[in-house]
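Lettering of chains follows the sequences in order, A, B, ..., and the numbering in each one begins at 1.
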Amino acid sequence: MPPSIHPVDLITALRHKHLTPAIVFLTSRRACDEAMETFDHADLVLPPARQEAIAVALERITIQHPSIAEHPLIPIVRRIGVAAHHAGHLPSWKIAIEELMRQGHLDAVFATTTLAAGVDFPARTVVITQSSIRKSRDFTDLTIGEVQQIAGRAGRRGKDHVGFAIVTPSPYIDLAVLTKGLTGQPEAINSQFTISYPMVLNLLKAHPHEHIQGILAKSFAQFQLNQRAELLEQKLDAVHVQMEPFGPRVCTDWITQWHTFDHARRHRHTRHQTHRSEPPEISARLPFLTPGRVVGLGRGRGIVLRQYRSKGQKNSMLTVLRPDSAVTECPVTSVREVYDRTCDCAETPTYPWCSTDTFDRLSHQLEDLPSHVPVLPILISPGIEPLPDAIVQSLGDFPCPTCPSRPTCQKDFITASRLRQEQQRHTKSIQALRTSLWHRFQERVEVLQKFGYLTPTTQLTMDGEWARLIRIDHSLLITELIRADAFTGADPSLLAGVLASLAHDDDRPGAFPRISTGLSSLLGQVRKLAESLSPYEDPPLLRADVAALVERWVADPTLTWIGLCRLTTMAEGDIYRLLARTLEFLSQVQAVKSTHPGLAESASQALTLIRRGVLEELP
Amino acid sequence: MNTDELEQLLAQQPVALLHRLARGRIHRHFRAGKKRLIELLLQHSIQNRAGLESDLQALIGEQHSRSEAGSSRINHPPAITHKKASPRGVGPESSETAISLSAWLEGLGVPSPQPFVPDPWQSEALSALNETDVVISVPTGSGKTYVAVEAARRAMDDNRTVIYTSPLKALSNTKYTEFSRIFGFEKVGILTGDRQENGQAPLLIMTTEILRNLLYDAASGEIDVRLDTLGLVILDESQYLADPERGVVWEETIIFCPAQARLLLLSASIGNPQDIADWLTSIRSTVCRLVRHGKRTVPLRAGYLHPNGKLTPLFRTLGIPYGHPSQLHPEAKRLFLEYEEETLPGGRPRR
Ligand SMILES: Nc1ncnc2c1ncn2[C@@H]1O[C@H](COP(=O)(O)OP(=O)(O)OP(=O)(O)O)[C@@H](O)[C@H]1O
Ligand SMILES: [Mg+2]
């Protein structure tokens, strides 16, 4: 049996059951293009009247969008009434196909799932062939919301009594993901609020520093953080109730007293502890890195199995469960994120540090984690070392050995101390949830002060005044380049080339034109600066090959669109998007014309030079 | 258990369970199809047979208890009790009636033209907009655009400006054409990162980023008459709030949306629309109204199409059994198990 249905059979089956028009969602652009090839010699031709209607409709669209006239798919569209529609195509092609579909001329469109989001493009039937999609290099399962967006394209109001979502298997499909997606409740929305440099500059331009905390408090992020804080407050109340029997005894703070005593008693003989020299941001995390905690490491996520100290290591160590049930050891410093998610974990004293049941369950839980898990904000309070040796020594005699309360203290200590730790942890978390946005804002302010965009009193400096107008990704790099005069004297094509390399965030490989020496040396400078800024801003990919393509387009006004496409293996649609993104970046740079007239002029020339041919053709 | 028995038991398991069993045992197990997986597992069992068997039993037990608990996984035939049954044996529920293909296909077709009558939720949203901000969360294809258009018409009749934002340039362009047709070209303008037309029109279509920038400029003292007379801001596809990279822009736009303008958030079905409405209530001057429903206007049916061209309903019921993912149609279940068994790994074109 074939691993998936042949496109010709698929269309035949759909037509036979009157299930057209249909949108067929495939995993990749390649798959869509290959599906089109299978129709080359198919004898599924439409009746002449329908072929004629398609030809007429296409002609009408071509008047507005001449670039589709020569499209290689046109014969199949006209003959068979099927088409491909994906991000590799020019917008004009996609508009044409959408229009044909809306007018009811086509039987099927083969598309990638990107189409599912928001484009007004319904059909009677949607065919689903996959249960996962590529998101930044990895395949992830479709969420319930995504499955419903895709299936939701089926059934046009006013044109269909019913809509059909048809699953047809391909290798690696997981039917459970789809049935869950079709029948389930969509996921809740989580805030993705981040504080960027331009946000800080623009806020401080318009509002005094002391008002900012109130403005950040209006974000959905803070709304959701408050919800979490309220939950923790309820837990905290419960802990307080549980702690009632453990109130003051002979000494007010008997828990600490006993702890110190017990600790001193046990450690009398082991004075040679390695000196704990962990920086506060590391030690603040330690209480949270307990068994069951989900953490983010350099590569992927893991679940903490135990925390321990090892002789040769300066930092505390963790044993972490990684995907595919791998168990690894790493220093706490390699933890990138501590997530607000813990799994139950029955600990054991030997490898793998938890029961077999727990281990298996954790492995599955790790695989099943949603792609977004909220990060636990952790407040850094400098210098609360749990028990400095010096104090233990200086305490000298303890009252405990002779105290009447000793037996109860000894008995209750474990429970009481666990409750108190819980209480402290909750209190800290609540405080962090309430103030984390503000702390993040302050961190950004400090960076902007260091670079001289803000004064020590958080006023915008001269540079801050214009830098706030650059409101795109990599804004710090761009404003620093402008300040370093990197673009001074750069002609429009160089400027456009560099901005293209900043704007392009795709790592799809391809073949590209050779790069000019001017652009190559300028990009070298950009790369150096980007590296030096990496503690403050993630460096861009800075692909020279992509930059060269845009440079050519701007530098040579006689170059035609076809000529440009021949210079590279990049898909037409991707070239178009690259140029469109570059236009956006250029128009931001153009905004600083009052302080940098030369640069703005160069940007404005580049804008004009880019907008020609296909890029002039507007919907 | 001898090797044959083990092989048979493995063959009776759904492929997802085999993948779980293969975790940590077989490198790149996720690339293997069912047959190959079983081969590899049997090979591996030479190393540690007891471990494999006990893990397998544990997984089967778990699967069993899950399906008994009516959880969200597919209800595969519980393998332990059916050791001797053929792997294709269908579950005990097959005796109950499941929808037939012809009944499932019935009623398909084009409805006769009806006069346009707004749905109750559409009218509700429009009348609520007279008083306050509105969040709409309804399934795809329900008719959110109608609310946007009518609300825009009313605001413009009142000499107020309207801003409509969408996350995608393509969608902005489609809406520009659509709204120009409805209101006339002189009434509609568009501002995106690379296109500016008729920027002073009373109804402006833009990407959300552009609106955010306008709001920042206005906050820092630049005069923009369009914002002074702003009566309505429509944020379409506002489930983008959850977009990892761009979601923040929706938050900024909502936080800085002028107090005198009404906010209308249009969104596909999401899990927590009440949270969004509560959030708006907490930061805006009026109590935000949530208009939501989960019922599709055009009912949806789900089917399963086998690579050999055979079509069957996917679920036992005519419509989609919301909340009951395990109510698979016995025929679909049988065909899919067959598919899982017969597809071999790797090498084949993936589609
Ligand atoms: N009350 C109604 N009666 C009949 N048809 C309607 C009604 N309201 C809207 N429609 C039609 O329903 C179709 C879908 O509407 P629309 O595009 O607004 O959906 P939507 O909710 O925006 O969906 P999406 O999530 O895909 O954006 C349109 O063709 C529209 O004309
Ligand atoms: Mg819509």
Side-chain angles (χ1 to χ4, degrees), chain A residues 1-5 9 13 17-18 26-27 31 91 118-120 122 129 148-149 151-152 154-155 157 159-171 174-176 179-180 182-183 185-190 192-194 202 205-206 218-220 223 324-325 363 471 580 583-584 618-619, chain B residues 23-24 72-74 105 107-111 139-141 168 170-171 173-174 193-195 213 216 219-220 237 239 241-244 247-248 251 255 268-272 279 283 297-305 307-309 311 314 320-325 336 339 342-343 348 350-351:
Chain A
M1 181 170 42
S4 48
I5 192 164
D9 296 342
K17 302 279 193 236
H18 306 286
L26 301 177
T27 27
V119 182
D120 191 12
T129 61
Q148 294 188 357
Q149 279 268 344
R157 237 192 139 164
K159 288 190 194 153
D160 289 310
H161 282 303
V162 223
F164 294 87
I166 293 183
V167 178
T168 182
S170 63
D174 186 345
L175 198 56
T179 50
K180 189 172 134 203
L182 286 167
T183 56
Q185 274 286 334
E187 291 80 4
I189 281 185
N190 279 314
Q192 303 292 324
F193 197 75
T194 48
N202 283 291
K205 168 74 182 173
K218 292 168 99 182
S219 63
F220 189 49
F223 180 86
D324 280 329
S325 303
S363 305
R471 297 161 182 151
L583 283 176
E584 268 174 57
L618 290 167
Chain B
R23 258 178 223 160
S72 63
R73 294 274 164 178
I74 313 173
L105 282 167
L108 154 171
V110 184
T140 312
L168 306 166
L171 197 61
N173 285 326
T174 318
D194 54 10
R195 183 180 188 191
N213 291 349
Y216 271 140
S220 59
E237 307 290 341
Q239 69 273 13
L241 201 57
D243 187 87
V248 56
E251 291 198 39
I255 297 171
S269 300
I270 52 170
N272 54 346
W279 167 48
I283 63 169
T297 338
V298 179
L300 195 62
R301 296 178 193 169
Y304 175 84
L305 179 64
N308 66 9
L311 180 68
L314 180 62
I320 291 187
Y322 291 100
H324 301 281
F336 187 70
Y339 175 81
E342 291 186 17
T343 38
R348 304 275 182 112
R350 182 169 181 186
R351 190 168 287 132

Given heavy-atom pairs under 4.5 angstrom as the criterion, report whether the side chain, backbone, both or neither of [X] touches chain B.
{"X": "A:Pro91", "answer": "neither"}
{"X": "A:Lys159", "answer": "backbone"}
{"X": "A:Asn190", "answer": "backbone"}

Which of the residues [options] is involved in the greatest number of heavy-atom pairs with chain B at under 4.5 angstrom?
{"options": "A:Ala206, A:Ala165, A:Ser325", "answer": "A:Ala165"}
{"options": "A:Gln148, A:Glu584, A:Gln185", "answer": "A:Glu584"}
{"options": "A:Ile189, A:Asp9, A:Ile166", "answer": "A:Ile189"}

Quick check on the interface: out of [options], who has the most heavy-atom pairs with chain A under 4.5 Å?
{"options": "B:Asn272, B:Val110, B:Val248", "value": "B:Asn272"}
{"options": "B:Gly247, B:Pro299, B:Ala219", "value": "B:Pro299"}
{"options": "B:Pro111, B:Gly107, B:Gly271, B:Ser220", "value": "B:Pro111"}
{"options": "B:Val298, B:Leu314, B:Leu105", "value": "B:Val298"}
{"options": "B:Leu311, B:Asn213, B:Leu241", "value": "B:Asn213"}

Backbone N/O of B:Ala268 and side chain of B:Gln239: donor-acceptor pair under 3.5 Å: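 Yes, B:Gln239 side chain to B:Ala268 backbone: donor-acceptor pair under 3.5 Å.
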
Can you name the closest pair of heavy atoms from [X] and [Y] and give their distance?
{"X": "A:Ala13", "Y": "B:Leu305", "value": "CB-CD1, 4.5 Å"}
{"X": "B:Pro307", "Y": "A:Pro169", "value": "CD-CG, 3.8 Å"}
{"X": "B:Glu251", "Y": "A:Ser219", "value": "OE1-CB, 3.4 Å"}

Point-to-point distance, once rounded to the nearest 0.5 Å, from OG1 of B:Thr297 to CG of A:Asp160: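 Interatomic distance, B:Thr297 OG1 to A:Asp160 CG, rounded to 0.5 Å: 12.0 Å.
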
CG-CD1 distance between B:Leu300 and B:Ile320, expressed to the nearest 0.5 angstrom: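 CD1 of B:Ile320 is found 4.0 Å from CG of B:Leu300.
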
Do B:Phe336 and A:Val167 come close enough that some side-chain heavy atom pair is under 4.5 Å?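 The answer is no, as the side chains (C-beta and beyond) never meet within the 4.5 Å cut-off.
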
Is it the case that more than 12 heavy atoms not belonging to A:His161 sit under 6.0 Å from its NE2 atom?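 Check passes, neighbour count above 12.
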
